[in-house]
Amino acid sequence: MSTNKVRVRFAPSPTGGLHLGGVRTVLFNYLFAKQNGGDFILRIEDTDQTRFVPGAEEYIFNTLKWCGLEPDESPLHGGPYAPYRQSERKPMYREYAEKLVQDGYAYYAFDTSEELEEMRSTYKTEANPSPQYNHVLREKMRNSLTLSEDEVRRLLSEGAPHVIRIKLPMNEEVTFTDLIRGEVSFHTSQVDDKVLLKADGMPTYHLAVVIDDYLMKITHAFRGEEWLPSAPVHVLLWKYLFGLENMPQWAHLPLILKPDGNGKLSKRDGDRLGFPVFAMDWTDPRNNEQTTGFRERGFLPEAFVNMLAMLGWNDGSGQEIFTLDELVKSFSLSRVHKGGAKFDYEKAKWFNSEWIKRLPIASYRDTVKTFFDAKGIVVDDKFDHVLELVKDRCTLLSDFVAQASFFFQNPVEIDINAVKPKWDEKKQQFFAELIRAFELTPQWQHDDLEKEFKEMAAAHQIKPGDLMMPLRVMLVGGKFGPGVFDIAALIGKEATIARIKHALGLLS
RNA sequence: GGAGCGUUGGUCAAGGGGUUAAGACGCCUCCCUUUCACGGAGGAAUCACGGGUUCGAUUCCCGUACGCUCUACCA
């Protein structure tokens, strides 16, 4: 019995902010690893030097940290299979590529990008809009299959720029079992001779993923469904290099789709429809373009992760709220959907409101405070109490500002129109007297205030209900918020009286 | 164009030969609350289409349609 420890990896290329779908791939990797007592590895796929973006790698680490999905091994955390950055592993890829050439599974190709372009345009027809560098066209190109041995040797020794391409068999069926989709097969005649090693000596994804998965002893490989069409190349590479019996088990995850129409969710969709797509704020260093993330929008990591888990997976019980630990226990690949799921921002917000309600405020008090700081609102020691009072009406952490700022400062705006239509001299007199009574109130307590208020209403022969809304608007600024005497009690005698006076001024 | 993958309410989805086809989000109504929420009770809304197989298909099979992904010296 093989008792190989489960090892999974997330292998992003550091080209920008981490997208929803990327984080979900991380999550499924993480859940699967932890459930099986395995390791979760973060490997940086930075083989495309032209797409290097400073800060992107650090962003990925920070995102995983915020989500609570820390890798066991990574460029940052280290580990026995270092380095975890493909650019730092560059020398080892060439060896494997050369071996493939020697074994007849790959070949050198000397075609320039102009020549490739020319090939594509000359062979492009209506019936075949994108000609592939495949078993038929490779006969017409400049490669070690068409050139003489001497010529190839000469070109190589002269240092002529070249790539190494896989030589796909002409007539084979490549079949493998996907953990989510079951048996999947491709005919090799439909797949092209993918570049394995680029002219700059860097591997392409296709080569690197196979070699690194082997070297890092990856047992299960999860990735987005967009990779499915190139899976046969990877399977073939495993067969040629390390043996199919050592190949990790593949699982191609369904895509997260845009809410309107169809298609993969992109950052642009978020901009267009007004919701975040990246996990955290991202500033593109190339053009300073800013993109807001779920974190800065006021999402709790618990909610973000929970919401992501339910996009394409469920445990069949109807339960929707899960802690990370519960997810680790319940997760199973067999219950992951095959079809893509449209992202629904309304539902995402619902998850957040649920988590705001069930988490103790201590776990997000500091984050909420940053939203107050950003608005320049100074909070005081009743902050926790206030948060507790208004948490049920907040969907995002940023909502606390609108729901609670009046506890710490006078309302910025007073919705005087909410009381004006029913305002009259009797009420004016009532509040004038209420001020005097409040000034003399020895005990500034909820029950005392309410009692006093109601007795005075009775004395003035006004229904308390007709007076509550005006008082609320005076204290809060609008028709919302917790119990009005809770508010008065909490903001204190001085502020209460001052706000009533101020509003009275506006009303007369 | 080709290949691959997919298709249960508006969205996330359970179910899987016989069901009133769960549940959640959103929407609507009502209750609670002298506000707004929370909470509670209801409501509208669904098996892409066509053939089979079967006593019976949303479920199994085959087509069709539609959608998506890929089709780079990007991942």
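The structure displayed is predicted, hence computed values, not measured ones. Naming convention: chains lettered A, B, ... in sequence-line order (proteins, then strands); numbering from 1 in each chain.
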For [X], answer base if it contacts any base atom (sugar-phosphate contacts may also be present), sugar-phosphate if it contacts only those atoms, and nothing otherwise; contact means non-hydrogen atoms under 4.0 Å.
| X | answer |
| --- | --- |
| A/V184 | sugar-phosphate |
| A/G483 | base |
| A/H337 | sugar-phosphate |
| A/P482 | base |
| A/K124 | nothing |
| A/K479 | base |

Parallel, tilted or perpendicular: rings of A/W227 and A/H234 (30°, 60°):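 It falls in the tilted class, 30° to 60°.
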For the student: nearest non-hydrogen atoms of A/R51 and A/S13, plus distance: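 Heavy-atom minimum between the residues: NH2-OG, 3.8 Å.
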For [N] versus [M], give the span between their [atom1] atoms, rounded off to a whole number of Å.
| N | M | atom1 | value |
| --- | --- | --- | --- |
| B/rA22 | B/rA44 | P | 12 Å |
| B/rC49 | B/rC55 | P | 24 Å |
| B/rA14 | B/rG9 | C1' | 13 Å |
| B/rA57 | B/rU8 | C1' | 14 Å |
| B/rG26 | B/rG40 | P | 13 Å |
| B/rA48 | B/rG6 | P | 15 Å |
| B/rG16 | B/rU54 | C1' | 16 Å |
| B/rU46 | B/rU19 | C1' | 15 Å |

Base versus backbone protein contacts along nucleotides 63-75 of chain B [heavy-atom cut-off under 4.0 Å; B, S, -]: ----SSBSBSBBB
Footprint string (nucleotides 39-46 of chain B, 5' to 3'): B base within contact, S backbone only, - free, heavy atoms under 4.0 Å: S-------
5'-most by nearest nucleotide on RNA chain B - A/G481 or A/G339: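 Nearest-nucleotide comparison on RNA chain B picks A/G339.
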Residue met sooner reading RNA chain B from 5', once A/R335 and A/R181 are mapped to nucleotides: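 So the residue in question is A/R181.
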Nearest-Å distance, [atom1] ([X]) to [atom2] ([N])?
| X | N | atom1 | atom2 | result |
| --- | --- | --- | --- | --- |
| A/W355 | B/rC38 | CH2 | P | 19 Å |
| A/N134 | B/rA3 | CG | P | 14 Å |
| A/I180 | B/rG6 | CD1 | P | 11 Å |
| A/Q319 | B/rA13 | CD | C1' | 15 Å |
| A/D344 | B/rC25 | CG | P | 11 Å |
| A/F176 | B/rA3 | CZ | C1' | 13 Å |
| A/K342 | B/rG6 | NZ | P | 18 Å |
| A/R358 | B/rC38 | CZ | C1' | 13 Å |

I'd like to know if the side chain of [X] and the backbone of [Y] have a donor-acceptor N/O pair within less than 3.5 Å.
| X | Y | value |
| --- | --- | --- |
| A/D269 | A/S266 | yes |
| A/R24 | A/L308 | no |
| A/T146 | A/N143 | yes |
| A/N306 | A/F322 | yes |

Short side-chain N/O contact from A/H252 to OP1 or OP2 of B/rG4, under 4.0 Å: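 No, because none of the side-chain N or O atoms of A/H252 sits under 4.0 Å from OP1 or OP2 of B/rG4.
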side-chain N/O A/N314 vs B/rA14 OP1/OP2, d < 4.0 Å: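 It does, given that an N or O in the side chain of A/N314 lies less than 4.0 Å from OP1 or OP2 of B/rA14.
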Given that both distances must come in under 3.5 Å, which nucleotide forms a Watson-Crick or G-U wobble pair with [N]?
| N | result |
| --- | --- |
| B/rU54 | none |
| B/rU34 | none |
| B/rU69 | B/rA3 |
| B/rC12 | B/rG23 |
| B/rU64 | B/rA48 |

Qualifying residues under ring-ring contact (aromatic ring centres under 6.0 Å, His included), relative to A/F331, sequence neighbours excluded: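 Scan of A/F331 (ring-ring contact (aromatic ring centres under 6.0 Å, His included), adjacent residues dropped) gives A/F28, A/W313.
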Would you check if the distance from the ring center of [X] to the ring center of [Y] is below 6.0 Å?
| X | Y | answer |
| --- | --- | --- |
| A/F371 | A/F400 | no |
| A/F430 | A/F453 | yes |
| A/F299 | A/F351 | no |

Worked check of ring-ring contact (aromatic ring centres under 6.0 Å, His included) between A/W250 and A/F222: CA-CA 6 Å; A/W250 298 100; A/F222 306 159; 9.9 Å; no
Base of B/rC38 paired with side chain of A/R393 (donor-acceptor, under 3.5 Å):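 Absent.
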Salt bridge (charged side-chain N to carboxylate O under 4.0 Å, His left out) involving A/D392 - partner list, sequence neighbours excluded: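 So A/D392 forms no salt bridge (charged side-chain N to carboxylate O under 4.0 Å, His left out) with any residue.
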Pair A/F431-A/H460, side-chain contact (heavy atoms from CB on, under 4.5 Å): steps then yes or no: CA-CA 10 Å; A/F431 279 101; A/H460 282 249; over 6 Å; no
Within residues 460-468 of chain A: residues closer than 4.0 Å to RNA chain B (heavy atoms):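 A/P464, A/G465, A/M468, in order of number.
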Verdict with reasoning, A/T15 to A/F52, per side-chain contact (heavy atoms from CB on, under 4.5 Å): CA-CA 6 Å; A/T15 53; A/F52 173 77; over 6 Å; no
Side chain to side chain donor-acceptor pair (under 3.5 Å) against A/H252, all qualifying residues, sequence neighbours excluded: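 In terms of side chain to side chain donor-acceptor pair (under 3.5 Å), with neighbours along the sequence ignored, A/H252 is linked to A/D178, A/R223.
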